[in-house]
There are 2 protein chains.
Amino acid sequence: MRVLLVEDDTILGPAVRDQVRADGHSVDLVQRLDAAVDHVAVTAYDLILLDLMLPDGRGLIFLQNLRSKGAVTPVIILTAMDQISDRIEGLNAGADDYLVKPFDLSELSARLNAVARRYSGNPNPLIEIGDLTVDLATRNITKSGNRVTLTAREWVMFEAFAQNPGQLFSKTQLEDRLYSFDAEVESNTIEVHISRLRKKLGRDAIETERGMGYRLGPG
Amino acid sequence: MRVLLVEDDTILGPAVRDQVRADGHSVDLVQRLDAAVDHVAVTAYDLILLDLMLPDGRGLIFLQNLRSKGAVTPVIILTAMDQISDRIEGLNAGADDYLVKPFDLSELSARLNAVARRYSGNPNPLIEIGDLTVDLATRNITKSGNRVTLTAREWVMFEAFAQNPGQLFSKTQLEDRLYSFDAEVESNTIEVHISRLRKKLGRDAIETERGMGYRLGPG
DNA sequence: ACATCGTGTTCAGGTTGCTGTAAGGTATAT
DNA sequence: ATATACCTTACAGCAACCTGAACACGATGT
């Protein structure tokens with residue numbers, strides 16, 4: 001697995017790098033965000049370890065840019081104990097996990113291997129639900145062979161369903177995915193989006209559980 | 001996700017509980033620390049929301065005991081604005097996050113989902129009771145292989161039973177789960193819901209203990 | 001600067017089906 | 001035998017939900 005480690009601490013950086021190497025992965029260690037940007041432009045990493053407290057800018061912005069470009073590379077955030085708001089924002093910005101400093105190196109290994117397992121066996125895992133085929137990495141959806149294109153918000157919602165087939169999602173859960181938590185939405189936006197998803201994916205693709213939420217596919 | 005909420009405020013407690021439920025998690029609300037101790041001894045929670053200002057002792061001690069026993073359950077502390085020292089101590093004692101009262105319920109959602117996302121990779125534990133199989137995370141129930149769908153109220157009741165197989169629940173306990181405290185129910189609503197559950201789950205799935213209450217599975 | 005297009009949100013009217021209530025029947029304890 | 005607790009069915013009201021269409025708003029092109 002190819003890992004990019006973004007960490008400016010001269011003690012912690014090499015220590016983490018060595019640990020990850022010991023786990024059998026190849027690591028590139030950079031100390032600044034602009035270097036990180038250069039690296040991700042050139043190399044297709046399987047995982048990014050990102051320190052949020054960097055000298056030359058906010059790591060969050062880097063992460064957001066990455067995600068806005070459609071990158072699905074897993075990102076694990078390294079953060080100090082008192083930067084709690086950063087952690088929250090980080091997860092909302094699209095991080096997959098976080099580690100609180102000081103962290104155990106064995107814990108790092110565990111999370112790393114979890115990610116590796118998730119992404120190793122099948123380079124492009126295809127999810128099949130009914131007549132739908134979903135490629136989460138490339139964001140391609142086909143309905144019985146025909147390509148289906150979703151808008152941004154539609155995808156965010158659909159992704160939740162596709163990643164967890166058969167799981168029930170309440171409206172609040174979906175809202176939390178669509179909007180950062182400061183936004184209050186007092187309307188039926190979710191319903192409308194569901195309606196449009198159904199129009200594209202098939203009338204009975206998503207089922208309603210009245211009073212509880214929605215789910216994709218059978219349990 | 002199973003959440004234990006330790007909060008003695010009779011307004012805030014149910015409000016938080018309802019919000020967390022709306023996010024698709026199952027919540028047990030207790031008002032005292034000794035009750036909290038009992039609950040964690042019995043149930044494996046995925047998250048604990050802990051008010052530090054409780055009548056019968058310091059929440060911090062509870063947290064420290066929990067950690068000294070090796071529990072890694074994430075704990076989010078609910079604390080008043082001026083209890084800054086508590087916050088620091090709380091984090092030192094092993095809390096994962098904190099929320100300052102008064103907090104926005106949507107902010108609570110965000111943090112909750114952050115924790116939930118961390119744990120979403122884990123396989124869902126399946127509960128088996130007789131010919132029933134229950135997945136609390138996805139809200140799926142099957143009766144000897146066939147899918148069973150419950151309504152909102154039915155689910156809230158059934159969840160209580162499924163989480164604590166063999167435990168007796170009085171009608172008042174069930175009412176408290178169904179209705180936000182104040183609501184007066186002057187009829188046989190619980191009996192009707194039990195009847196509907198039995199129709200879906202099997203005539204003898206839930207047994208009656210006359211004058212006492214109901215239970216699911218062997219006593 | 002203006003028009004256009006794509007996308008997201010709000011509104012309104014119609015539909016669905018959950019849920020509390022009541023009423024009548026059944027089981028169980030004393 | 002009587003009282004009490006519980007079961008089941010039916011039904012009406014209303015909240016939850018669906019959806020077409022209008023509106024808002026930024027991005028993009030001319």
Side-chain angles (χ1 to χ4, degrees), chain A residues 65 68-70 139 141 147-161 168-180 182-216, chain B residues 18 21-24 106 139 141 148-161 168-216:
Chain A
N65 285 342
S68 71
K69 284 175 194 156
R139 303 203 169 177
I141 309 174
R147 180 89 181 275
V148 176
T149 59
L150 300 182
T151 69
R153 288 233 147 65
E154 284 165 6
W155 170 260
V156 171
M157 284 187 57
F158 178 75
E159 193 181 36
F161 289 121
L168 190 92
F169 289 90
S170 72
K171 279 198 211 177
T172 12
Q173 273 178 302
L174 296 171
E175 273 173 21
D176 290 342
R177 276 185 89 97
L178 283 185
Y179 316 99
S180 31
D182 47 339
E184 279 292 323
V185 184
E186 290 277 341
S187 75
N188 64 344
T189 312
I190 300 293
E191 292 170 23
V192 174
H193 282 302
I194 289 282
S195 174
R196 287 180 182 160
L197 270 179
R198 284 209 255 247
K199 197 181 274 182
K200 290 184 178 177
L201 303 174
R203 197 62 40 170
D204 51 354
I206 298 170
E207 50 183 296
T208 304
E209 223 125 306
R210 184 174 268 248
M212 303 218 290
Y214 303 89
R215 74 163 37 122
L216 174 69
Chain B
D18 293 346
R21 272 203 192 134
D23 276 338
S106 54
R139 299 207 176 182
I141 308 173
V148 176
T149 59
L150 300 183
T151 68
R153 293 248 133 88
E154 285 164 7
W155 171 261
V156 172
M157 284 187 58
F158 177 75
E159 191 181 42
F161 289 122
L168 192 79
F169 287 91
S170 73
K171 281 192 201 175
T172 348
Q173 277 177 299
L174 295 172
E175 272 172 21
D176 289 346
R177 276 194 163 249
L178 280 186
Y179 311 104
S180 295
F181 256 100
D182 48 351
E184 289 292 323
V185 190
E186 293 272 343
S187 75
N188 59 348
T189 313
I190 299 295
E191 293 169 21
V192 173
H193 280 301
I194 290 283
S195 173
R196 289 180 185 154
L197 271 179
R198 286 210 253 246
K199 191 183 274 183
K200 289 183 178 178
L201 302 174
R203 200 57 48 168
D204 51 354
I206 300 170
E207 48 184 292
T208 305
E209 210 112 316
R210 193 184 172 81
M212 309 289 289
Y214 303 90
R215 76 158 47 104
L216 175 68

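Each chain gets a letter, A, B and so on, in the order its sequence line appears, and its residues count up from 1.
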Single hit among Ile206(A), Leu201(A), Leu197(A) for side-chain contact (heavy atoms from CB on, under 4.5 Å) with Leu216(A): Ile206(A)
Note, Ile194(A) side chain near Met157(A) side chain (heavy atom, < 4.5 Å): yes
Find the distance Lys199(A):NZ to dC18(D):C1' and express it as a whole number of Å. 11 Å
Sequence-distant partners of Arg177(B), salt bridge (Lys or Arg N to Asp or Glu O under 4.0 Å), two or more places apart: Asp28(B)
Considering only dG8(C), dG20(D), dT19(C), which nucleotide approaches the side chain of Thr151(A) most closely? dG8(C)
Knowing that exactly one of Lys171(A), Gln173(A), Glu209(A) qualifies, which makes a side-chain contact (heavy atoms from CB on, under 4.5 Å) with Tyr214(A)? Lys171(A)
Between P of dA15(D) and OH of Tyr179(B), the distance in whole Å: 15 Å
Distance check, rounded to the nearest 0.5 Å: Thr208(A) atom OG1 versus Leu168(A) atom CG? 10.0 Å
Considering only side-chain heavy atoms of Tyr214(B), which listed nucleotide, dC7(D), dT10(C), dT19(C), is closest? dC7(D)
Nearest whole angstrom, please: distance from the C1' of dA15(D) to the CD of Glu209(A). 17 Å
Side chains of Arg139(B) and Ser170(A): donor-acceptor distance under 3.5 Å anywhere? no
When rounded to whole Å, the CG to C1' distance for the pair Leu150(B) and dC18(C) reads 13 Å
To the side chain of Val192(B), which of dC6(D), dT21(C), dC11(C) is closest? dT21(C)
For dT10(C), does either OP1 or OP2 sit under 4.0 Å from a side-chain N or O belonging to Ser187(A)? yes
Donor-acceptor pair under 3.5 Å: do we get one between Arg196(B)'s side chain and the base of dG20(C)? yes
Nucleotide dC18(D), atom P - distance to CG of Asp204(A) in whole Å: 13 Å
Phosphate OP1/OP2 of dC7(D): any Thr208(B) side-chain N/O under 4.0 Å: yes
According to a strict under-4.0 Å criterion, is Lys171(A) in side-chain N/O contact with OP1 or OP2 of dA16(D)? no
Under the side-chain contact (heavy atoms from CB on, under 4.5 Å) test, which residues partner Lys200(B), sequence neighbours left out? Val148(B), Leu150(B), Thr151(B), Glu154(B)
Gap between atoms CD1 and P, on Ile194(B) and dT19(C) respectively (whole Å): 14 Å
Could you check whether Arg198(A) gets within reach of a base, just the sugar-phosphate, or nothing at all, counting any heavy atom under 4.0 Å? sugar-phosphate
Could you check which of dG8(C), dT19(C), dC6(D) has an atom nearest any side-chain atom of His193(B)? dT19(C)
Rounded to the nearest angstrom, tell me the gap between atom CG in Asn188(A) and atom C1' in dG8(C). 12 Å
Round to the nearest Å and state the distance from Glu154(A) atom CD to dG6(C) atom P. 14 Å
Which nucleotide in the set dC18(D), dG20(C), dT8(D) lies at the smallest distance from any side-chain heavy atom of Arg203(B)? dT8(D)
Restricting to nitrogen or oxygen on both sides, can you table the protein-nucleotides 2-4 of chain D pairs closer than 3.5 Å?
{"from": "dT4(D)", "atom 1": "O2", "to": "Arg210(B)", "atom 2": "NH2", "distance (Å)": "2.8"}

